Amino acid sequence: MTEHHSDTPETGITPGGTTGAFRDVLSKDHARRGKPPLHFADMTTDQRIAKAAELGLPKFRVKQLANHYYGHFDVNAAEFTDFPAAKRDEAARAFFPELIHEVTRQVADSGTTIKILWRLFDGSHIESVLMRYPTRTTLCISSQVGCGMGCPFCATGKLGLTRNMSAGEILEQVRVAARMMRDGEVAGGPGRLSNIVFMGMGEPMGNYNSVLSAVRQISAMPPEGFGISARNITVSTVGVVPGIKRLTAEGIPVRLAVSLHAPSDELRDELVPMNRRFNTTQVLDAAHDYYLASKRRVSIEYALMRGINDQAEHARLLAKRLNHYGDDWVHVNPIPLNPIEGSRWTASKPEDEQRFLDILHAAGITATLRDTRGQDIDGACGQLAAKTKESFGQSA
């Protein structure tokens, strides 16, 4: 078994965010609350073997546990018939402590979109959204509790950053969704979880070690991982350039998505505060380097906001900036803004959305208007705010 796990990272500040023009926006709950319980998914191979030895279990039992976890999405050791009955409860406590607990489940789009609110060990809340399409099933997962990027049009950004999540907390979202698909809990009958997008709560590059450990375990074949192709994993960032460079050096063929939202520094400084630390030129240069290294087109995410960034001049400047690199290296995803309560930013007019697309297409840029699944349950892009049952008055 390969040694691909990282130590559980500290709760803390985004790399590069402690100096210079950008600082993480911290929530009032931001504190060093202690680390989540150490889970099987957080342990190195040696740690797993050592823990098994403490329980009086031989080395081969670790592989059995891995088969159950990654191959069968199962942590209920009481039903592990191939495991010594006298050791099942002890093994469950040692290797599979509960990291995420389902609070509420909301369903939309005729049962094909499911948003789950999770409570973590310290009482924090995060969300994940499972979306079934005709040819694929995608899970949008969270990597931080809240987000410190402070983008003013995003509900998650308004929360501030509470803490980073462990790799185990990230992976548990994937395991549960994979089991839901296998067991037919999503409209359409039994199926397979095929795609993962790190586009839920948090800035993935701000929790790099845990995210990378999760990516490796999602994409490795059982019994080392869930067997979802790295090519079907998307890692999103608002433009944390050091993180993009680190990911480039990893050589893992995940798709990189950059939340650009504006074609100029003047406008992006207002919409994406991180731009004051790493400007559009630095971000696009790093993204293009990722394309050159991975040979995978980069996704440019662009939330369209009425009268702010959705006019013809914005589309023309965006096309010019992207075509500067001279090759077919991006796929632009204009996203109809999902308004959040109390926000002055509103969705673009349909005719402005179409004109924006037409200008990009005329410039030879591949662009597709993003589907806004889960909007009626606040499960669409920019809407995840981990509202508790009491605050939204709905349950599953």
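Just so it is clear, the model here is predicted, and its values are computed rather than measured.
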*How long is the gap from CG on D310 to OG1 on T346, to the nearest 0.5 Å?*
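It comes to 8.5 Å.
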
*Drop me the distance from M305's CE to L271's CG, to the nearest 0.5 angstrom.*
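Nearest 0.5 Å value for the CE-CG distance: 4.5 Å.
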
_Any residue meeting salt bridge (charged side-chain N to carboxylate O under 4.0 Å, His left out) with R355, in chain and number order, not counting sequence neighbours_ =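 Testing R355 for salt bridge (charged side-chain N to carboxylate O under 4.0 Å, His left out), a comparison that skips the adjacent residues, returns D352.
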
*Sequence neighbours excluded, which residues qualify as salt bridge (charged side-chain N to carboxylate O under 4.0 Å, His left out) partners of R306?*
none

*With a cut-off of under 6.0 Å to the ring centre and 45° to the axis, is R175 in cation-pi contact with F226?*
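No, cation not above the ring by the 6.0 Å, 45° rule.
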
Under the rule for side chain to side chain donor-acceptor pair (under 3.5 Å), what residues qualify as partners of [X], not counting sequence neighbours?
{"X": "S229", "answer": "none"}
{"X": "N279", "answer": "none"}
{"X": "E250", "answer": "Y208, R216"}
{"X": "E266", "answer": "none"}

*Look at the side-chain heavy atoms of Ile, Leu, Val, Met, Phe, Trp and Tyr, link any pair under 4.5 Å apart, and say whether L292 and V330 land in one connected group.*
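Per the 4.5 Å side-chain linkage, L292 and V330 are co-clustered.
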
*Between F40 and F95, what is the ring plane arrangement, given parallel below 30°, perpendicular above 60°, and tilted in between?*
perpendicular

*With a 6.0 Å cut-off on ring centres, are F153 and H261 close enough?*
yes

*Is the distance between the ring centroids of Y325 and Y291 under 6.0 Å?*
no

